[in-house]
Amino acid sequence: MSMDLNSLKEHYLRCVRCGQCRAVCPVFAGIGNETAAPRGKVFLAHMLAAGELKADAEIAHNLSLCLLCRACTRECPSAVPVHKIITAARSLLAREVPNTLQKIIFKEIWSRSSLLNISARLLRGCQNLGLTVLGRSMGMLPPALDLVGKLPRRPARSFISEVTRPEGAPRIKVGYFLGCATNLMFPHVARSTVAVLSLLGCEVITPRELKCCGLPQEENGQMDVAESLARSNFAAFQRLGSKAIVTDCASCFAALKDSSAFKDIEIMDLFQLLNGLLPGHNLKKIDRAITYHDPCHLAKAQGITAAPRELLTRICPGFREMPGANSCCGGGGSFMLYHYNTSMGILDKKISAIKETGAKIVTTSCPSCTMQIRHGLAKQGLPIPVIHPVELLAQTLGIIF
Ligand code: SF4
Ligand code: SF4
């Protein structure tokens, strides 16, 4: 999605400064400063575009104070797409006030699968040698590093074939977008997704050459890189004749849905697909209390809230709704890296809501939310696992790895 700040003029001019967006912004609630409010950031973006403010590090800092959770965009009575305006402003700032480290991470490393894999292996090696713990204890590494957790030995890419045949008669052929966080940090989720789809009659296509979905690049002002990644991923699915794609990552789903590169391929909601395929299959119900956190990229970005609940209530009679299930957990992709303390303040509310349910398992479908909530639960010494719904479904279908 190409987003030049000037092309959004008609949108930011619609802001009448009513302040309704302030009531739903988790960052504003934590900071309480007008520049951290959605309308404050829209105003800064407007001033930047008009040349009345000079792009500098302070403006870049103010515009980084956003989770891109889209609560404001959904709330705004004037239909101002606040998250798009902030993303476009970041893109302008990345050009005018380049941040070398950000560029190296998101443009040079994260967009190249080979370099990302090497970085993950290096990090894992450091974890094994205890260097990350040492670095953290000496204050040489950022606290956000704790969120990553212990990296698994093998990425999903190493054991998922490009084509996985269905069990029994084929019902549908579907492309599987294996996101980089799932691949490197949560390979067991990818394993469950492919196994469940295959058991339910899908031929699953997972192109070898898939790259990052582009969302981290877009959030960090590298819009051109994000667009190039989307084109490359589209070509990968086209090569294998995929007409429809699913993904188990809420953030990848939002990136694919928003991308103009994917306009000729249907991006299917995984939960809706699973709900449609399940009738006729025996499910061994989960007898523990579970609750569900709505990832912003699924609930607020795409309005998908009912399908995951339909699936979860089907497999778990002890499903419990948490208060504010669709409130942001404070992860926001790289937000927790830049603004750890603010992020933790937002997370505390989420953990309190989870505790209120008495649930023994938390489910969610976003790697960033999973890391964030897992971190918050561990900090409070709560032995509650954070599990993807497809992993629970795999258990109920009797899939054993
Ligand atoms: S709710 Fe919309 S119109 Fe009102 S201040 Fe916020 S962005 Fe502007
Ligand atoms: S996207 Fe979320 S964090 Fe960003 S300004 Fe809007 S409500 Fe606040």
Side-chain angles (χ1 to χ4, degrees), residues 1 3 5 8-50 59-94 144 215-216 218-221 223 250-251 254-255 257-258 293-303 305 324-350 366 368-369 372-373:
M1 163 183 43
M3 276 190 297
L5 191 50
L8 295 172
K9 187 172 180 179
E10 60 158 307
H11 298 291
Y12 55 71
L13 286 179
R14 276 205 308 274
C15 175
V16 292
R17 318 257 189 274
C18 67
Q20 207 161 311
C21 52
R22 300 198 321 171
V24 295
C25 176
V27 176
F28 177 70
I31 294 179
N33 185 319
E34 184 59 28
T35 52
R39 72 174 178 186
K41 284 174 272 207
V42 170
F43 182 69
L44 287 180
H46 180 169
M47 292 289 105
L48 261 181
I59 305 292
H61 169 80
N62 286 328
L63 284 162
S64 75
L65 282 167
C66 172
L67 294 147
L68 297 174
C69 71
R70 310 195 195 189
C72 48
T73 298
R74 284 185 79 82
E75 186 70 14
C76 177
S78 305
V80 176
V82 181
H83 70 285
K84 278 191 193 172
I85 292 167
I86 293 172
T87 308
R90 287 183 183 176
S91 193
L92 182 149
L93 285 157
L215 195 71
E218 185 180 305
E219 288 178 352
N220 284 278
M223 195 70 77
S251 297
K257 282 290 251 190
D258 284 350
H293 162 72
D294 285 291
C296 295
H297 283 134
L298 211 57
K300 296 193 202 73
Q302 308 298 332
T305 55
N326 74 348
S327 300
C328 181
C329 65
S334 42
F335 181 90
M336 89 282 250
L337 188 65
Y338 304 133
H339 306 290
Y340 180 77
N341 291 336
T342 306
S343 168
M344 291 302 112
I346 298 166
L347 175 61
D348 285 347
K349 294 180 192 157
K350 180 59 65 179
C366 169
S368 171
C369 302
Q372 176 86 342
I373 295 172

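Heavy atoms only: backbone and side chains are in, while hydrogens, waters and symmetry mates are out. Each ligand, and each atom within it, is numbered from 1 in the order the structure gives.
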I need the atoms of ligand 1 closer than 4.0 Å to a non-hydrogen atom of [X], numbered in the order shown.
X: Arg17; value: 5 (S), 8 (Fe)
X: Arg39; value: 5 (S)
X: Cys21; value: 1 (S), 5 (S), 6 (Fe), 7 (S)
X: Pro77; value: 1 (S)
X: Gly19; value: 4 (Fe), 5 (S)

In terms of residue, atom name and distance, what is the protein heavy atom nearest to [atom]?
atom: atom 2 (Fe) of ligand 2; answer: Cys69 SG, 2.3 Å
atom: atom 8 (Fe) of ligand 1; answer: Cys15 SG, 2.4 Å
atom: atom 6 (Fe) of ligand 2; answer: Cys72 SG, 2.2 Å
atom: atom 4 (Fe) of ligand 2; answer: Cys66 SG, 2.3 Å
atom: atom 3 (S) of ligand 2; answer: Leu67 N, 3.3 Å

Just say parallel, tilted or perpendicular for the rings of His46 and Tyr12, cut-offs at 30° and 60°.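 Answer is tilted, since the angle falls between 30° and 60°.
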Do the side chains of [Y] and [X] get nearer than 4.5 Å, heavy atoms only?
X: Met344; Y: Leu347; value: yes
X: Ile346; Y: Gln372; value: no
X: Arg39; Y: Glu34; value: yes
X: Thr73; Y: Val80; value: no
X: Leu48; Y: Leu92; value: yes
X: Arg17; Y: Ser78; value: no
X: Arg70; Y: Glu75; value: no
X: Pro38; Y: Cys25; value: yes

Do side-chain atoms of Lys350 reach the backbone of Ser327 as a donor and acceptor pair under 3.5 angstrom?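 A pair under 3.5 Å: yes.
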Would [X] and [Y] count as having a side-chain donor-acceptor pair, cut-off 3.5 Å?
X: Ser334; Y: Asn220; answer: yes
X: Glu218; Y: Thr87; answer: no
X: Lys84; Y: His11; answer: no

Residue portion contacting ligand 1 (non-hydrogen atoms closer than 4.0 Å) for Ser78: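 The answer is the side chain.
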Below 2.8 Å, any N, O or S contact between Cys18 and atom 4 (Fe) of ligand 1?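 Within the cut-off used here (under 2.8 Å), Cys18 does place an N, O or S atom near atom 4 (Fe) of ligand 1.
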Could a heavy atom of Val16 be found less than 4.0 Å from some atom of ligand 1?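 Val16: in contact with ligand 1 (<4.0 Å).
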Show which atoms of ligand 2 fall inside a sub-4.0 Å distance from at least one heavy-atom site of [X].
X: Val27; result: 3 (S)
X: Leu68; result: 1 (S), 4 (Fe)
X: Pro38; result: 5 (S)

If you measure from each non-hydrogen atom of Lys41 to ligand 2, which part falls under 4.0 Å: side chain, backbone, both or neither?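 Near ligand 2, Lys41 shows its side chain, while the N, CA, C and O stay back.
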Is ligand 2 under 4.0 Å from a heavy atom in the side chain of Val82, in the backbone, in both, or in neither?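 No part of Val82 comes within reach of ligand 2.
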Regarding Cys25, does it place an N, O or S atom less than 2.8 Å from atom 8 (Fe) of ligand 2?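 Checking atom 8 (Fe) of ligand 2 against Cys25, an N, O or S atom does fall under 2.8 Å.
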Can a non-hydrogen atom of Arg70 be found less than 4.0 Å from any atom of ligand 2?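 Arg70: in contact with ligand 2 (<4.0 Å).
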Using 2.8 Å as a strict upper limit, say whether an N, O or S atom of Cys76 approaches atom 2 (Fe) of ligand 1 that closely.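 Of the N, O and S atoms in Cys76, at least one lies under 2.8 Å from atom 2 (Fe) of ligand 1, which means yes.
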